[in-house]
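First comes the structure, then the notes that go with it.
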Number of protein chains: 2
Amino acid sequence: MNKNGRIKSIQTAFELIEGLEQLDGARASTLADHVDRPISTVHDYLKTLEEIQYVTKADNVYRPGTRFLEIGEAERMKQPLYRVAEPELESLADETGELVSLMIEEHGKGVLLDIKEGEDAIQLHTYPGVRMPLHSSALGKCILAHLPDERVDEIIDEHGLPAMAKNTVTDRDTLDEQLTKVCEQGYVIDRGERIDGVLCLAAPILGTTDNVKGSICVCSPTSRIDNETDLERIRDAVVRTANMIQVNLNYSGAR
Amino acid sequence: MNKNGRIKSIQTAFELIEGLEQLDGARASTLADHVDRPISTVHDYLKTLEEIQYVTKADNVYRPGTRFLEIGEAERMKQPLYRVAEPELESLADETGELVSLMIEEHGKGVLLDIKEGEDAIQLHTYPGVRMPLHSSALGKCILAHLPDERVDEIIDEHGLPAMAKNTVTDRDTLDEQLTKVCEQGYVIDRGERIDGVLCLAAPILGTTDNVKGSICVCSPTSRIDNETDLERIRDAVVRTANMIQVNLNYSGAR
DNA sequence: GAATCCGTTTCGACTATTCCGGAAATACTA
DNA sequence: TAGTATTTCCGGAATAGTCGAAACGGATTC
């Protein structure tokens with residue numbers, strides 16, 4: 001009767017890998033303790049994973065190997081959106097001097113596909129692949145706004161609206177209001193909704209049928225944007241870049 | 001009797017993921033065909049992998065998800081060598097205008113941990129995480145030269161000395177000769193051993209007990225290096241950068 | 001609007017595999 | 001050298017994975 005949650009050993013295998021990641025490498029016994037399973041079982045798993053070279057072992061300390069990087073990076077390079085956006089993000093970072101990011105949606109979460117640092121970029125120690133809730137950032141709200149309503153419901157049902165920073169919107173009605181506004185104005189500003197003291201200005205990237213492909217943003221310390229002109233300059237740059245990417249993506253052979 | 005190759009389902013799971021990677025995304029039936037397994041089995045696996053969010057599904061086409069990128073990138077950021085080397089590689093790329101790479105050894109293969117492109121860099125479409133034989137590049141030979149002899153034997157036993165380009169060294173004795181020379185002179189030049197028409201100049205990065213941590217290199221089209229002075233300039237830059245990384249790595253708290 | 005075809009998904013019984021306690025081997029400490 | 005901690009090996013009981021067959025879904029044609 002293998003109905004839902006089909007193949008258990010796969011689930012445990014990845015649970016162990018995630019454990020190794022969290023513990024920043026671990027011995028068999030430490031990991032066994034961490035995931036609360038018999039040592040011998042954990043040992044069997046680690047041995048297998050090491051044999052197929054997805055995990056490395058040095059001085060009895062296991063860690064996830066570079067194959068994850070290889071697969072992840074190869075997959076990223078295949079995404080048309082990434083290929084088109086990458087050089088544009090680079091120039092946007094140069095032009096503004098700020099931190100620039102590209103987000104896509106996966107399994108109901110926001111995933112940063114690329115990050116570029118301009119001259120004066122703030123350090124958020126994010127990295128390609130990090131996941132975050134969609135409701136708590138300008139990037140995410142750009143995406144939510146252009147997703148079918150039913151999908152938005154699904155996502156919020158599953159993940160809720162947890163507060164990530166002081167100004168995170170945690171109320172469904174307020175969020176809905178904001179989302180409808182996004183579609184009109186074509187960009188989103190968030191002031192400390194994802195991270196306190198950080199202002200993000202984001203714009204969506206749409207496909208040919210108004211489906212969202214992703215979103216880009218510029219992040220800056222709130223204090224640095226002290227007048228309307230600064231904000232306008234950034235807004236124009238972001239919107240222009242998003243348009244550029246969108247056009248290149250939709251009319252250049254890449255699907 | 002689960003003696004070697006312990007947990008089979010894990011092996012198949014990763015076999016399927018690699019299949020998806022090679023096929024650049026695939027439907028259940030296509031993948032089943034590719035790995036020669038019953039469709040229903042493949043379906044069970046894909047369903048599980050999708051449920052735990054390591055694989056995405058769009059229009060019945062499955063692909064590896066961004067979690068691989070997340071894990072790989074997180075792991076990379078934790079490597080002291082990467083953290084120390086990254087900014088230095090950046091300046092080396094700026095200074096030379098060429099393609100710069102960082103390699104480490106894992107499971108007997110060379111893995112590129114980072115790649116930086118200078119102004120006039122050649123495009124080798126490599127990416128972080130790619131694997132290659134150790135014997136067939138300047139980068140790899142730097143590493144082999146400083147590995148214990150028995151480990152070198154092991155590696156060559158397992159992987160052989162396949163030719164990657166016209167000038168690849170495929171003879172064990174020649175290789176051994178070259179390796180002893182490396183330790184004396186402290187750098188390696190390869191002319192078209194990994195890729196035809198590409199010259200690589202590499203230097204090792206050693207730990208406190210002369211164990212190898214990795215190696216760095218500059219790659220250039222052979223035609224561009226047309227006199228001894230050019231070569232010397234590059235050599236000095238590479239050796240200097242390697243030293244810089246080595247010192248920072250060994251004497252800065254990071255193990 | 002049936003009928004046909006294609007791939008996907010479900011089901012479930014058989015049995016190969018996994019799980020894990022316990023013991024052996026190995027590494028580390030004092 | 002003895003003592004402790006950890007890893008590794010082993011093997012049988014029971015669970016969980018495999019895969020044929022059948023149901024489903026959705027496109028396309030007649």
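First the proteins, then the strands, lettered A, B, ... as listed; each starts at 1.
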Parallel, tilted or perpendicular, as decided by the 30° and 60° cut-offs, for the rings of A:Phe68 and B:Phe68: parallel
Whole-Å gap separating P (D:dC19) and CG (B:Asp36): 10 Å
Most 5' of A:Ser9 and A:Lys57 on DNA chain D, judged by nearest nucleotide: A:Lys57
B:Asp44 CG - C:dT9 P separation (whole Å): 11 Å
C:dT9 OP1/OP2 closer than 4.0 Å to side-chain N/O of B:Ser40: no
Phosphate-side-chain proximity, B:Lys47 and C:dT10, N/O vs OP1/OP2 below 4.0 Å: yes
Touch class at under 4.0 angstrom, heavy-atom based, for B:Arg37 against every strand present: nothing
A:Glu75 and B:Arg67: CA distance, side-chain angles, deciding distance, salt bridge (Lys or Arg N to Asp or Glu O under 4.0 Å) verdict: CA-CA 11 Å; A:Glu75 196 54 36; B:Arg67 289 205 92 126; over 6 Å; no
Atom pair distance, as rounded to whole Å: CZ in B:Arg6 and C1' in D:dT7: 12 Å
Residue-phosphate contact under 4.0 Å: B:Asn60 side-chain N/O, C:dT9 OP1/OP2: yes
Atom-to-atom span, CZ of B:Arg27 to C1' of D:dG25 - whole angstrom: 13 Å
Any donor-acceptor N/O pair, B:Glu106 side chain to A:Thr66 backbone, under 3.5 Å: yes
Residue closer to the 5' end of DNA chain C, A:Thr41 versus B:Tyr62 (nearest nucleotide): B:Tyr62
Nearest-nucleotide 5' precedence on DNA chain D, B:Tyr45 against A:Ile39: A:Ile39
Selection from C:dT18, C:dG7, D:dA16 that lies nearest to any side-chain heavy atom of A:Lys8: D:dA16
Whole-Å distance separating the CG atom of B:Leu46 from the C1' atom of D:dC19: 15 Å
Distance test, side-chain N/O of B:Ser29 to OP1/OP2 of C:dT8, below 4.0 Å: yes
Rounded interatomic separation in angstrom, taking CG from B:Asp33 and P from C:dC6: 15 Å
Distance below 4.0 Å between B:His43 side-chain N/O and C:dT8 OP1 or OP2: no
Heavy-atom side-chain contact between B:Pro204 and B:Ile143 under 4.5 Å: no
Contact check, side chains of B:Leu144 and B:His135, non-hydrogen atoms, under 4.5 Å: yes
Whole angstrom value for the distance that separates P of C:dG7 from NE2 of B:His34: 17 Å
Separation of D:dT15 P from A:Gln11 CD (nearest whole Å): 17 Å
